[in-house]
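What follows is a short report on a single structure.
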2 protein chains.
Amino acid sequence: MIYDFGMPAPLARVVEMLASLPGVGPKTALRLGLNLLSRPAADTVALAEALARLHEQVGFCENCGCFAEQTVCHFCNDVRRDAQTVCLVEQPVDVLMMERGHGFRGHYHVLHGRLSPVDGLGPEQLNLAALDKRVASGLKELILATSATVDGEATAHYLARRFTSSGVKITRIARGVPEGGELEYLDEHTLSRALDQRVSWDATSI
Amino acid sequence: MIYDFGMPAPLARVVEMLASLPGVGPKTALRLGLNLLSRPAADTVALAEALARLHEQVGFCENCGCFAEQTVCHFCNDVRRDAQTVCLVEQPVDVLMMERGHGFRGHYHVLHGRLSPVDGLGPEQLNLAALDKRVASGLKELILATSATVDGEATAHYLARRFTSSGVKITRIARGVPEGGELEYLDEHTLSRALDQRVSWDATSI
Ligand SMILES: [Zn+2]
Ligand SMILES: [Zn+2]
């Protein structure tokens, strides 16, 4: 422990807990702890109060698994959104990323994970019961937006098979060159995929 | 605000407050906020409680200005330390840095700042009244460990003048090549100072 030397225990405790956060090393934790001590007490107390209530105030939608302050999230409650088109993602944070684009106006479904045989994660560990119900109630389209990783692809394949006879249209988000991506720096798989999945010029001028 | 899209307000509030910490950008704040939400609630509540009490539990020693949980810090209370040798620093955190070295067994005095005419910081804004008292009570040595900046040097000069007729021995921490410092990457001032203040070979083999 690098904090022992002359640091008051209450500060050391804060610094130690901050250092347990991802990407926060001991030096950063010390800097943050000192800042929290040197800024006005009201600021630090406000952060403390927000943290104290975080878990009790934020849960998951019982319908779709998104972050929710009530039993049902504001996506599922939004009548202007298309409930027949469901975008399936792995984690609640993925929904935030999708929403940044402003383009999607359907609903979501969060798996809270992905199939990972190595980690012993099978279909039972995923939020699938609620999805079965939604598909059975008659969806128009299920967009598989699992990650572009081996496990994410395997999960998408599994879901496509699971719902193949349900009548729902199943799609997968496109893979290709990211916005601003220089070909020079792209990995070969992305590039060959982008070439394979090329679209006619008209379709690109949206 | 990049957090608006579908993020529950309690989480957005935490993320926003984290983003106000030094060196924490919006993306890091989001990552930390999500981590605080996904780890066990007890962890996050423990951090909240530590933060809530931080300011009321940690203050400054009325004698020397160090961090203290009581009115007097544990340095001033430690009878094994030499109360006649006082190392003067700018900030409480500097004391933590000094203590890492394990070598110093005297007391400290924290100025809580340094002279900075540009920022309107004069002697009245520094923790000097208590230092006057300590010097008047008969110190053996006052080690000026203000920073190696223009303002830090000016502060050291000011203090040396202030106490020149008090009889206390006044010293300044050495400037030179830092441990592990490659000459190639050092600035010219550090290097010429290290050359000017060279010591005889015998004195270096401690
Ligand atoms: Zn929902
Ligand atoms: Zn003290």
Side-chain angles (χ1 to χ4, degrees), chain A residues 2-11 13-14 16-18 20-24 28 30-59 66-69 73-75 91-93 95-102 108, chain B residues 2-11 13-14 16-18 20-24 28 30-59 66-69 73-75 91-93 95-102 108:
Chain A
I2 68 157
Y3 314 120
D4 282 350
F5 317 122
M7 193 184 298
L11 177 59
R13 216 151 36 231
V14 164
E16 207 170 338
M17 287 193 260
L18 291 173
S20 77
L21 291 169
V24 178
T28 302
L30 176 57
R31 185 167 44 76
L32 296 178
L34 289 168
N35 180 274
L36 286 162
L37 186 54
S38 68
R39 60 170 55 196
D43 280 18
T44 301
V45 169
L47 174 59
E49 284 169 359
L51 288 175
R53 292 190 312 256
L54 185 61
H55 274 80
E56 66 192 38
Q57 288 184 330
V58 180
C66 283
F67 287 130
E69 291 177 76
C73 75
H74 82 270
F75 298 115
Q91 298 294 349
V93 64
V95 173
L96 307 182
M97 300 302 135
M98 300 289 294
E99 286 294 298
R100 281 194 199 173
H102 288 291
Y108 290 99
Chain B
I2 69 155
Y3 313 121
D4 284 350
F5 318 122
M7 193 183 299
L11 177 59
R13 215 152 36 231
V14 164
E16 206 170 341
M17 286 192 261
L18 292 173
S20 77
L21 290 168
V24 178
T28 302
L30 176 57
R31 184 166 45 75
L32 296 178
L34 289 168
N35 181 274
L36 287 162
L37 185 54
S38 67
R39 60 170 55 196
D43 280 18
T44 302
V45 169
L47 174 59
E49 283 168 1
L51 287 175
R53 293 190 311 255
L54 184 62
H55 274 80
E56 67 193 36
Q57 288 184 330
V58 181
C66 284
F67 287 130
E69 292 176 74
C73 74
H74 81 270
F75 298 114
Q91 299 294 349
V93 64
V95 174
L96 305 182
M97 301 301 135
M98 299 290 293
E99 285 294 299
R100 281 195 200 172
H102 288 290
Y108 290 99

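Below, chains carry the letters A, B, ... as their sequence lines are ordered, and counting in each starts from 1. Please read these numbers as outputs of a predicted model, since none were measured by experiment.
Residues B/Pro8 and A/Ala68 approach most closely at CG-N, 4.4 Å, considering heavy atoms. Contact between B/Pro10 and A/Glu69 at its shortest, heavy atoms only, is CD-OE1, 3.2 Å.
If you measure heavy-atom distances from B/Pro92 to chain A, you find no contacts under 4.5 Å at all. At a 4.5 Å heavy-atom cutoff, the contact between A/Ser20 and chain B is made by backbone and side-chain atoms alike. For A/Leu37, the parts lying near chain B are the backbone and the side chain together; criterion is any non-hydrogen pair under 4.5 Å.
Contact count against chain B (heavy-atom pairs under 4.5 Å) is highest for A/Pro22 among A/Ala9, A/Pro22, A/Ala52. When each of B/Leu54, B/Asn35, B/Leu32, B/Leu36 is checked for heavy-atom pairs under 4.5 Å with chain A, B/Leu54 comes out on top. Contacts with chain A were tallied for B/Ala48, B/Pro40, B/Ser38; B/Ala48 has the most, counting heavy-atom pairs under 4.5 Å. Listed options A/Ala50, A/Ala41, A/Gly33 were ranked by heavy-atom pairs under 4.5 angstrom with chain B; first place goes to A/Ala41. Your options are A/Val24, A/Val45, A/Leu47, and the one with the most heavy-atom pairs under 4.5 Å with chain B is A/Leu47. The choice from B/Arg31, B/Met98, B/Met97 that makes the most heavy-atom pairs within less than 4.5 Å of chain A is B/Arg31.
With values rounded to the nearest 0.5 angstrom, A/Gln91 atom CD is found 9.5 Å from B/Leu34 atom CG. Distance check, rounded to the nearest 0.5 Å: CG of B/Leu18 to OG1 of B/Thr28 gives 10.0 Å. In this structure, the separation between CG on B/Leu21 and CZ on A/Arg39 is 5.0 Å, given to the nearest 0.5 Å.
Side chain of B/His55 to main chain of A/Ala42: no donor-acceptor pair is present (N/O by atom type, distance under 3.5 Å, no hydrogens or angles).
Residues passing the side-chain hydrogen bond (donor to acceptor under 3.5 Å, both in side chains) test with A/Arg53: none are found, sequence neighbours excluded.
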